[in-house]
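A short write-up of the structure that comes next.
Protein chains get the first letters and strands the later ones, always in sequence-line order, with residue 1 at the start of each. All values below come from the heavy atoms of this structure, side chains included, with hydrogens, waters and symmetry mates left out. All figures in this text were calculated on a predicted structure; none of them were measured in a lab.
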There are 2 protein chains.
Amino acid sequence: MAAPKPTRTRRKMQRVTIMDVAARAELSPSTVSLYFRKPDAVSAAASESIARAIEALDYVPNLMAGGLAAASSRVVSIVVPSVRNAFFAETVAAMQEELGKQRLQMMLGHTEYKEHDEEGLVRTALSWAPAAIVLTGLSHSVATRRLLRDSKVPVVEIWELGSQTMDMAVGFHHDQVGHAAASHLVQRGRKRLLFLGARLHEDRRAARRAQGFVETARKIPDITAEIIQHPAPASAEVGAMLLGEALHRFPNVNGIACSNDHIALGVIFECQRLGIAIPDRLSVVGFGDLSFSAASNPSLTTIRPPGDLIGKEAARLIIARILHSDGEPAQTVIDTRFTLLHRQSS
Amino acid sequence: MAAPKPTRTRRKMQRVTIMDVAARAELSPSTVSLYFRKPDAVSAAASESIARAIEALDYVPNLMAGGLAAASSRVVSIVVPSVRNAFFAETVAAMQEELGKQRLQMMLGHTEYKEHDEEGLVRTALSWAPAAIVLTGLSHSVATRRLLRDSKVPVVEIWELGSQTMDMAVGFHHDQVGHAAASHLVQRGRKRLLFLGARLHEDRRAARRAQGFVETARKIPDITAEIIQHPAPASAEVGAMLLGEALHRFPNVNGIACSNDHIALGVIFECQRLGIAIPDRLSVVGFGDLSFSAASNPSLTTIRPPGDLIGKEAARLIIARILHSDGEPAQTVIDTRFTLLHRQSS
DNA sequence: CTCCAAAATAATAGCGCTGCTATCTAGCCG
DNA sequence: CGGCTAGATAGCAGCGCTATTATTTTGGAG
């Protein structure tokens, strides 16, 4: 048949492509591509006419095409338990700011403290051929580890340090936090200690703080320490509730550390209602240094984890690895430490 | 010449592709692709052998290739002022949960309250050919609007409702919040009203609440209302500071509304220190119903914005639009309302 | 049995960009 | 001034998948 088959009606995208830009700038697509990837390799004259063409056409690059061709994208995937949690929100925000400077995008995933979901999130993340993957904590399923190893994507584990890491890590030792809280209370002359924790069965890091707390306390002669917990997520209400239980079970308690500041604030509120003097009769130490902690009455002694620093350093490690891959893995484990802020409640 | 040029040594990805799966399942790549996109169109026998092949090869699809071919991705981009802000963190989390059910991924961008940055974020977002874009608030630059219009990507504006929306919107009217706070205080017999606000110059929504507050109050005979503000981000410390200024400038104030609960908590703390009885001498109303608001002492009367509902509904609108595009735009503007929670502080 | 529509599967032609190479140009030395 | 080299620019061949069309297989009806 002379008549050619009707041409395929593939959606003929009217999208502006790199070729349109090249045509307008009277250069080849290669050069335009180079302009984006290695601006220095393009002459000033070419750069200028390309910039003009981009401007005129309002060109928006297609990062998916670029990622496909380059077999890797400018996306960093991060998996956190929850952004509802101020700690991780802080880290996510700081990290994004840092990554943004290098025009790296962030894709976010939540486990909502269900560790089992992590594998699925990692799978999805890998579908985007990310430049790096950031995971919270150190405990990951075998399948997750294998996926990541096979993919060869750089991995950063954040918010927790331990004996072994998959690749890179930024965080601190949670047992040391417990240790610091216990030491501080003991130093303040407290002998009957309690750790009040929310959701310790799911929040492993909080559990490690609790463990570090009692281990430290019990090593010191004449000191007692127990853990009281509640399965619900941390909130001031849970804190108030936990204090009630604490006073019921251990009436002579005089030093309390909390899994976080929400719990501690609840303890303070409840003590106000019950007429319990803080710190005279009871010392309270929190964890988190949340927005209200310095302003409460009494102000709250607490341990401040450097959430923003963690985000920033994680971003830096990633940038160092993927952008300046020339040098060798300088430092791949960063201990950010934490700070005990001694205020009125202890 | 006879000798063929040496074959290009293109990085021969050892990645498992859809072709490997097809080969192993003894089917064509097309069928495997169909299996992912329209599982019902594939026979049970084929489905099973494909599933087995995927399992055996540990196949991870390349979403960038898919997105490129389909000219659209399963990514939803969301731009919020900051995830450090609990309101938006809540929305982001809820939205992600809802989107996740449809295997839609979320890409996050922050403006950090710099509206000027929005355009860049939208540009980057569009580079990923997202299935939809979610923006916070209603005020966007002309360039941003044009970019979005040209791209034809569905847009959802959240957390604010007003006279006109670009496409879809989910939120509530902030002036109504101010109105509700003022009405409530008046109803509680308060006549000398103040609105304490943080960062009103950047946080337009808070500014609208303030505006609604004074407009309502001033319409009522015998009532006075003023706004006092501080340029720093909201925190309990700023709240305490603002109360100081308030008492200095308006010693007989007896009703205070705050731009959010952090400020209100600071007011409560400061009143405790100063020995000002709440609510006897001073009524306080917050905004946000943050984690500590119900537990504080006195508990805080506040207005609760449905952050999670906003996220959920926004996700639903998006899903309805892109997945079941058959039906016509049912409802594209959703007023989620808000709730005044009357507690002890008023 | 044959025929035919419906169901299932396969073939084809890109999506828009990048990573090599190859080619071209300008600058500089002897 | 020819010959070289480094610096710019261009050409080519996919990246891994999807949408569309084409083909084959099924399963009844006649």
Which of these nucleotides, D:dG16, C:dG16, D:dT9, is closest to any side-chain atom of A:T31? D:dT9

For the helix from C:dC1-D:dG30 to C:dG30-D:dC1, what angle lies between the axis at the first five pairs and the axis at the last five pairs, to 10 degrees? 40°

I need the CZ-P distance between B:F36 and D:dA19, as an integer number of Å. 14 Å

When rounded to whole Å, the OH to P distance for the pair B:Y35 and D:dC17 reads 14 Å

Polar side-chain atom of B:Q105 near backbone of A:M107 as donor-acceptor pair, under 3.5 Å: no

Nearest-nucleotide pick for B:A69, side chain only, options being C:dG16, D:dA10, D:dG16: D:dG16

Taking A:R74 for the side chain and A:R103 for the main chain, is one N or O donor matched with an acceptor at less than 3.5 Å? yes

Look at the side chain of B:A46 and decide which nucleotide, out of C:dT18, D:dC17, C:dT9, has an atom nearest to it. C:dT9

Without hydrogens or angle criteria, can the side chains of A:T124 and A:S127 be said to hold a donor-acceptor pair below 3.5 Å? no

Closer than 4.0 Å, any side-chain N/O of A:S43 to the OP1 or OP2 of D:dG7? no

Nearest-nucleotide pick for A:S28, side chain only, options being C:dT18, D:dG11, D:dC17: D:dG11

Using a 4.0 Å heavy-atom cut-off, does B:L34 contact any base of the nucleic acid, only the sugar-phosphate backbone, or nothing at all? base

Main-chain N/O of B:L108 paired with A:Q96 side-chain donor or acceptor, under 3.5 Å: yes

B:K152 and B:D167: salt bridge (Lys or Arg N to Asp or Glu O under 4.0 Å), yes or no, with the steps? CA-CA 10 Å; B:K152 292 176 183 101; B:D167 182 358; over 6 Å; no

Closest to side chain of A:Y59, choosing from C:dT9, D:dT18, C:dC17: C:dC17

Looking at B:T91 and B:D308, would you say the former's side chain and the latter's main chain have a donor-acceptor pair under 3.5 Å? no

The side chain of B:S30 lies closest to which of these nucleotides: C:dA11, C:dC17, D:dA10? C:dA11

Base, sugar-phosphate or nothing for B:P29? Non-hydrogen atoms, less than 4.0 Å. nothing

Phosphate OP1/OP2 of C:dG19: any A:R37 side-chain N/O under 4.0 Å: yes

